[in-house]
Amino acid sequence: SDLRQILATKSVENIQFLPFLTTDANNLGWLGYGCLKGDGTLITVNAIGAALQTLYILVYLYYSPAKVGQGPGAMGRMGDPHPDVLCCPSQCPVLLQVLLLLAVVVTGYGYFTIMVDTGTRLTHLGLFCSVFTITMYLSPLADLAKVVRSKSTRCLSFPLTVTTFVASSSWTLYGLQLHDPYITVPNMPGIITSLVRFWLFQRYRPQQDKPYSSLPA
């Protein structure tokens, strides 16, 4: 939905960039785990996921402001015309987050390739991916607290909740089938938080627009 909104409005206003970045990092981590484990399902799903998230990131960067001023008469800082100023203040945090992701990927690759022994590499990477996934699933807890305080589910997405529940349940069952706790355990919080969201949707249903009735004269 965010990608459709970006393409429709040609703007990234009111769309957070960090979820694209963290999901991409999560996919890359599980892709590496799948390669070490030799699991075709993990490799296929997370390779597709990483490719799509990278596409989203590129689209976001393309439609984010690239210059402070463009075209004739554009004014730079201190009132001086600088049509070729490259960095927009709203884009700098995005670029820093991209650089941070690249640094994390390079550091992680170097750590798990050089520093970690081959026999324990799979265990270390599985533990890292599990902690990262659990953190992602628990990060929206602030939104749930906001829903309880405001008694409104307007800030929650029902389709996203259904998707999260189905995905986390599927991966939990897959991990149980493989007897792999690194796949099973981190997806269980996704089931729990999704059930909590379903309860919130039931508890705080969106109010239907009441029909207009004229006041008595």
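The first residue of the sequence shown is numbered 1, and numbering continues consecutively from there. Note that the structure is predicted; figures quoted are calculated from it, not measured.
A pairwise comparison of heavy atoms in Y204 and V148 identifies OH-O, 4.1 Å as the closest pair. Of all non-hydrogen atoms in W30 and P186, the two that sit nearest each other are CZ2-CG, 4.2 Å. In terms of heavy-atom proximity, S168 sits nearest to G190 at OG-C, 3.5 Å. Smallest separation of non-hydrogen atoms from P189 and V185: CD-O, 3.1 Å. Contact detail for N46 and L42: the closest heavy-atom pair is ND2-O, 2.9 Å. For the residue pair T172 and M188, the shortest heavy atom distance occurs at OG1-N, 3.9 Å.
Linking Ile, Leu, Val, Met, Phe, Trp and Tyr residues whenever their side-chain heavy atoms come within less than 4.5 Å leaves L160 and V166 in two separate clusters. Residues L122 and L125 are members of one and the same hydrophobic cluster, defined by side-chain heavy-atom contacts under 4.5 angstrom among Ile, Leu, Val, Met, Phe, Trp and Tyr. Follow the hydrophobic side-chain contacts under 4.5 Å out from L52 and you never reach L58; the two are in separate clusters. At a threshold of 4.5 Å between side-chain heavy atoms, the hydrophobic network of Ile, Leu, Val, Met, Phe, Trp and Tyr places L61 and L55 in one connected group. Transitive grouping of hydrophobic side chains (ILVMFWY, heavy atoms separated by less than 4.5 Å) brings W199 and F158 into a common cluster.
Residue L178 holds its CG atom at 8.0 Å from OG1 of T184, rounded to the nearest 0.5 Å. Separating the CD atom in Q53 from the CG atom in N27 is a distance of 6.0 Å, to the nearest 0.5 Å. In this structure, NZ on K146 lies 9.5 Å from CG on L156, to the nearest 0.5 angstrom. Here I183 contributes atom CD1 and T41 contributes atom OG1; the two are 9.0 Å apart, rounded to the nearest 0.5 Å. Interatomic distance, T153 OG1 to R203 CZ, rounded to the nearest 0.5 Å: 11.5 Å. If you take CZ on R149 and CG on L144, they are separated by 10.5 Å, rounding to the nearest 0.5 Å.
Note on ring orientation: taking the six-membered ring where Trp is involved, the planes of Y56 and F20 are tilted (angle from 30° to 60°).
Put simply, the residue from L28, I43, D39, D180 that forms a side chain to side chain contact (heavy atoms under 4.5 Å, CB included) with Y33 is D180.
Without hydrogens or angle criteria, S139 side chain to M136 main chain gives a donor-acceptor distance under 3.5 Å. Looking at T164, its side chain never comes within 3.5 Å of a backbone N or O of S194 through a donor-acceptor pair.
Side-chain contact between T123 and Y182 is present, with heavy atoms from C-beta onward closer than 4.5 Å.
Remark: the T133 side chain and the N187 side chain contain no N/O donor-acceptor pair separated by less than 3.5 Å.
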